[in-house]
Participant: 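Quick one: this structure, given as structure tokens, is what I'll be asking you about.
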Amino acid sequence: LFVLLTAGDRPVDQLQAGQGLQAALLTAAARWVFARLYSQASELDALRTALRHELPEFSYPHMILRFGRADATRPTPRRPVDEVLSSLDRRRR
């Protein structure tokens, strides 16, 4: 688990947290690492306050992330493209 933190809680800090999240997710995706996002850290005041007591002083949590790799299982079957497109055409009529 990872916690996305900033040193402040101003709008500019929130913007930087979003930019950091974007960079982390793009880097993970490029390496076939998947992420699960828990936004409660920024949405629930009680959780955010509790997290702040566990983190370094002057840290503001914005997101909790869990990174991992998928099992090496077979991919799920996919329908042929022409079947999908033809079913969409029928719906539009």
Side-chain angles (χ1 to χ4, degrees):
L1 288 175
F2 297 85
V3 180
L4 180 62
L5 304 171
T6 57
D9 200 27
R10 299 166 300 157
V12 69
D13 298 307
Q14 295 167 2
L15 176 64
Q16 290 174 342
Q19 291 171 331
L21 177 61
Q22 178 185 19
L25 294 176
L26 287 172
T27 301
R31 292 168 172 76
W32 287 95
V33 173
F34 300 93
R36 173 73 170 102
L37 308 176
Y38 301 96
S39 60
Q40 295 90 340
S42 62
E43 296 172 356
L44 303 174
D45 288 335
L47 177 58
R48 193 164 198 230
T49 301
L51 272 173
R52 288 201 63 211
H53 289 295
E54 300 297 323
L55 298 169
E57 193 174 2
F58 305 113
S59 296
Y60 293 86
H62 293 276
M63 181 80 65
I64 301 170
L65 301 106
R66 180 178 176 181
F67 290 102
R69 295 193 181 271
D71 293 334
T73 58
R74 291 183 301 140
T76 57
R78 301 290 185 235
R79 292 172 45 191
V81 172
D82 58 338
E83 184 181 323
V84 174
L85 293 178
S86 64
S87 68
L88 288 173
D89 279 343
R90 282 183 287 214
R91 288 184 191 165
R92 290 181 184 158
R93 294 181 196 165

Participant: Of all residues at least two apart in sequence or in a different chain, which pass the side chain to side chain donor-acceptor pair (under 3.5 Å) check with S59?
Facilitator: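 Result, side chain to side chain donor-acceptor pair (under 3.5 Å) vs S59: none returned.
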Participant: Side chain to side chain donor-acceptor pair (under 3.5 Å) with E43: which residues, sequence neighbours excluded?
Facilitator: S39
Participant: Enumerate the residue pairs fulfilling ring pair (Phe, Tyr, Trp, His ring centres under 6.0 Å) with a member in residues 43-70, sequence neighbours excluded, ordered by first and then second residue.
Facilitator: F2-F67
Participant: Going by the salt bridge (charged side-chain N to carboxylate O under 4.0 Å, His left out) test, which pairs reach into residues 7-22, not counting sequence neighbours?
Facilitator: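 Residue pairs passing salt bridge (charged side-chain N to carboxylate O under 4.0 Å, His left out), neighbours aside: D9-R48, R10-D13.
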Participant: Quick one: hydrophobic cluster around L51, which other residues, with the 4.5 Å side-chain cut-off, linked directly or via members?
Facilitator: L1, V3, L5, Y38, L44, L47, L55, I64
Participant: Counting only pairs under 3.5 Å, give me each side-chain donor-acceptor contact of residues 25-34, with atom names and distances, residues two or more places apart or in other chains.
Facilitator:
from	atom 1	to	atom 2	distance (Å)
T27	OG1	A23	O	2.8
R31	NH1	T27	O	3.4

Participant: Heavy-atom distance under 4.5 Å between the side chains of Q14 and T6, does that happen here?
Facilitator: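 When only atoms from C-beta onward are counted, T6 and Q14 do not touch, as no gap falls below 4.5 Å.
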Participant: To the nearest 0.5 Å, what is the distance between CG (D45) and CZ (R52)?
Facilitator: 11.5 Å
